[in-house]
Amino acid sequence: MRVLRNSSSAPCSSLRAGGVVPLLYLPQTMEECVQILQRHPSIPVLGRGSNTVLSARNPVPALLVASQLDHISISDETLVAKTGTMLARLATLAVRQGYGGFAPLAGIPGTIGGALVMNAGCYGVHISDRLLWVEIWRDGEIVCLQRHQMEFGYRCSSFDPAREVILRAAFDISLRVDESQQLRQCLERKKASQPTSLPSLGSVFRNPSASVSSWQLLEKCELKGMRLGSMQISEKHANFIVNLERGSAWPDDYVVLARMAANRVYQRTGILLEPEFRYLSKEGYFYGKEIL
Ligand SMILES: Cc1cc2nc3c(=O)[nH]c(=O)nc-3n(C[C@H](O)[C@H](O)[C@H](O)COP(=O)(O)OP(=O)(O)OC[C@H]3O[C@@H](n4cnc5c(N)ncnc54)[C@H](O)[C@@H]3O)c2cc1C
């Protein structure tokens, strides 16, 4: 089992900023993962950390990073992926095999586990759309949840990462469509509109409604380019905060900058933006409005 002691958590987040974590577990197999969960029942779990700020001010005492639990198997009309499998790998494999309903997920830099918690989606397609069942670790045992036992909404789900750890998920691959062109278009569209070459956590805020986008409000409030430490509201896409200095960055500045931006939008428009990212510190997980 790979265990790192007193190491930086910065490589565990796509923001490339973090604190010092006394114990960092990187299980290579599901058996190792279960052993860690038995020993540390409330250990925080991450996938690729592409939606999570890891506090340096108040770092967690231990962290389990599940990104090495990466495996896909296919039988009949079902695709089963382990929690650490990247969405990009799942989506490109699905497109290559002609399974429909996955192509737009290829541009999301997260894992199956993180994507299910967030109900990640892109251009109208969500990870939950073709979901059949999910195997989780809860209260010391492995439980299999059928689709009707889970709830999904706009960038949210009924999973509680503080007490449920996603181990595997199964998807329906009975839809046969050639989505290779859609895959290419989705990736090109993302590259053209988002600052994909700089560390970030994707969209900072959820869109307040179907007709009002956060990036439009942030742009209207002249927030593009606003900087705090090494964090900056992207010049390319106002709903991204990018890390300009990588290794030396202070992750908690991301949260403060998001709060400053949300305050200005509220003062000028009366709309309260809600964070899409999550914040993980010694005190636990923080989501949505409780971060601000
Ligand atoms: C450049 C960029 C573009 C992005 N584009 C999109 C997009 O188009 N659409 C979109 O929806 N998102 C997007 N995101 C955000 C992010 O990639 C997604 O939310 C992704 O699904 C998060 O996956 P992750 O594995 O990185 O999750 P993490 O950040 O590691 O975790 C997210 C949450 O899930 C929990 N978690 C992770 N793994 C498990 C597990 N196995 N069991 C239980 N809980 C777990 C964590 O504790 C945390 O609360 C983007 C991010 C970036 C950096």
Side-chain angles (χ1 to χ4, degrees), residues 9 11-16 18 27 30 33-34 36-37 42-54 60 63-70 81-91 104-129 134-138 145 150 152-169 186-187 189-191 193-207 234 236-237 239-243 254 275-281 284-288 291:
S9 63
C12 306
S13 161
S14 65
L15 189 60
R16 296 291 173 259
M30 212 44 104
C33 182
V34 167
I36 298 162
L37 295 170
S42 52
I43 192 168
V45 178
L46 275 192
R48 284 278 167 158
S50 65
N51 205 49
T52 308
V53 175
L54 300 171
V60 287
L63 188 61
L64 190 163
V65 177
S67 57
Q68 320 261 308
L69 303 173
D70 167 4
K82 286 191 184 167
T83 187
T85 308
M86 289 290 287
L87 281 187
R89 185 160 111 72
L90 183 146
L105 304 178
I108 303 175
T111 62
I112 297 294
L116 284 167
V117 170
M118 296 306 304
N119 192 22
C122 196
Y123 307 132
V125 171
H126 300 93
I127 182 83
S128 56
D129 292 350
V134 177
E135 197 178 80
I136 61 167
W137 176 262
R138 184 170 64 193
L145 302 175
M150 303 167 255
F152 295 93
Y154 170 40
R155 299 294 177 267
C156 63
S157 71
S158 50
F159 292 112
D160 176 4
R163 55 181 290 268
E164 295 174 321
V165 176
I166 293 166
L167 302 176
R168 294 192 304 156
C186 290
L187 294 177
R189 203 167 145 192
K190 277 207 147 214
K191 205 170 162 200
S193 61
Q194 299 179 356
T196 46
S197 59
L198 287 169
S200 79
L201 298 174
S203 296
V204 182
F205 299 105
R206 297 150 59 103
N207 290 323
S234 167
K236 189 168 179 181
H237 191 306
N239 199 23
F240 275 60
I241 290 179
V242 292
N243 173 6
Y254 184 100
E276 188 171 313
F277 65 93
R278 295 181 167 219
Y279 176 69
L280 180 59
S281 78
Y285 293 97
F286 294 88
Y287 321 136
I291 294 177

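Worth knowing before you read on, the calculation uses all heavy atoms, side chains too, and leaves out hydrogens, waters and symmetry mates. Computed from a predicted model, the values in this text were never measured in an experiment. Read the numbers this way: they start at 1 and go in the same order the structure lists the ligands and their atoms.
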Ligand 1 versus Ser14: contacting region, heavy-atom distance under 4.0 Å
side chain
For ligand 1, does Phe159 get within less than 4.0 Å through its side chain, its backbone, both, or neither, judged by non-hydrogen atoms?
neither
What residues form a ring pair (Phe, Tyr, Trp, His ring centres under 6.0 Å) with Phe240, not counting sequence neighbours?
His237
Evaluate whether atom NZ of Lys236 has more than 12 neighbouring non-hydrogen atoms of other residues, nucleotides or ligands under 6.0 angstrom away.
yes
Proximal ligand 1 atoms for Arg155, defined as those under 4.0 Å from one of its heavy atoms
9 (N), 10 (C), 11 (O)
Per atom 21 (O) of ligand 1, closest listed option by heavy atom (Ala115, Pro199, Cys33, Pro161)
Ala115
Which protein heavy atom lies closest to atom 43 (C) of ligand 1, and at what distance to 0.1 Å?
Glu164 O, 3.4 Å
How far is atom 9 (N) of ligand 1 from its nearest protein heavy atom, and which residue and atom is that?
Gly121 O, 2.7 Å
Considering only non-hydrogen protein atoms, determine which one is nearest to atom 16 (C) of ligand 1 and report residue, atom name and distance to 0.1 Å.
Ser50 OG, 3.2 Å
Atoms in ligand 1 flagged as close to Cys122, the criterion being non-hydrogen separation under 4.0 Å
8 (O)
Any idea how Phe277 and Tyr254 line up, ring-wise: parallel (<30°), tilted (30 to 60°), or perpendicular (>60°)?
perpendicular
Quick one: pull up CG in Leu63 and CG in Leu46 and give me the separation to the nearest 0.5 Å.
4.5 Å
Are Pro161 and Arg278 side-chain neighbours, meaning at least one heavy-atom pair lies under 4.5 Å?
yes
What do you reckon, does Gln194 have a nitrogen or oxygen under 3.5 Å from a nitrogen or oxygen of ligand 1?
no
Going by the closest heavy atom to atom 3 (C) of ligand 1, which one wins out of Pro109, Ser200, Pro44?
Pro109
Distance, nearest 0.5 Å, that separates CZ of Arg48 from OG of Ser67
5.0 Å
Check this for me - ligand 1, Ile166, N or O atoms closer than 3.5 angstrom, yes or no?
yes
Just jot down the ligand 1 atoms closer than 4.0 angstrom to any heavy atom of Val165, in number order.
42 (N), 43 (C)
Among protein heavy atoms, which lies nearest atom 6 (C) of ligand 1, and at what distance?
Lys190 NZ, 3.5 Å
Which atoms of ligand 1 sit under 4.0 Å from any heavy atom of Gly49?
26 (O), 28 (P), 29 (O), 30 (O)
Number the atoms of ligand 1 from 1 as they appear, then name those within less than 4.0 Å of a heavy atom of Gly114, with their elements.
21 (O), 23 (O), 24 (P), 25 (O), 27 (O), 34 (O), 37 (C), 38 (N)
Taking distance alone, with no angle check, do Gly47 and ligand 1 share an N/O pair under 3.5 Å?
yes
Name the atoms and distances for all side-chain donor-acceptor pairs under 3.5 Å in residues 106-113, with sequence neighbours left out.
{"unit_1": "Thr111", "atom_1": "OG1", "unit_2": "Gly114", "atom_2": "N", "d": "3.3"}

Honestly, for Leu201 the part within reach of ligand 1 (heavy atoms, under 4.0 Å) is backbone
Identify the closest protein heavy atom to atom 13 (C) of ligand 1: which residue and atom is it, and at what distance?
Ile108 CG2, 3.8 Å
To the nearest 0.5 Å, atom CG of Leu145 lies from atom OG of Ser158 at 8.0 Å
For atom 25 (O) of ligand 1, find the nearest protein heavy atom and state the residue, atom name and distance (0.1 Å precision).
Thr111 OG1, 2.7 Å
Return the CZ to CZ distance between Arg206 and Arg155, rounded to the nearest 0.5 Å.
8.5 Å
When you compare ligand 1 with Asn119, is there at least one nitrogen or oxygen pair between them that comes in under 3.5 angstrom?
no
Geometric N/O contact Thr83 with ligand 1, under 3.5 angstrom:
yes
Which atoms of ligand 1 sit under 4.0 Å from any heavy atom of Thr52?
28 (P), 29 (O), 31 (O), 32 (C), 48 (C)
In this structure, atom 47 (O) of ligand 1 is nearest to the protein heavy atom Val45 O, 2.7 Å
Can you pull out the closest protein heavy atom to atom 49 (O) of ligand 1? Residue, atom name and distance to 0.1 Å, please.
Arg278 CD, 3.2 Å
The reported gap from OH in Tyr279 to CG in Asn51 (rounded to nearest 0.5 angstrom) is 15.0 Å
Going by the 4.0 angstrom heavy-atom rule, the piece of Val117 near ligand 1 is side chain
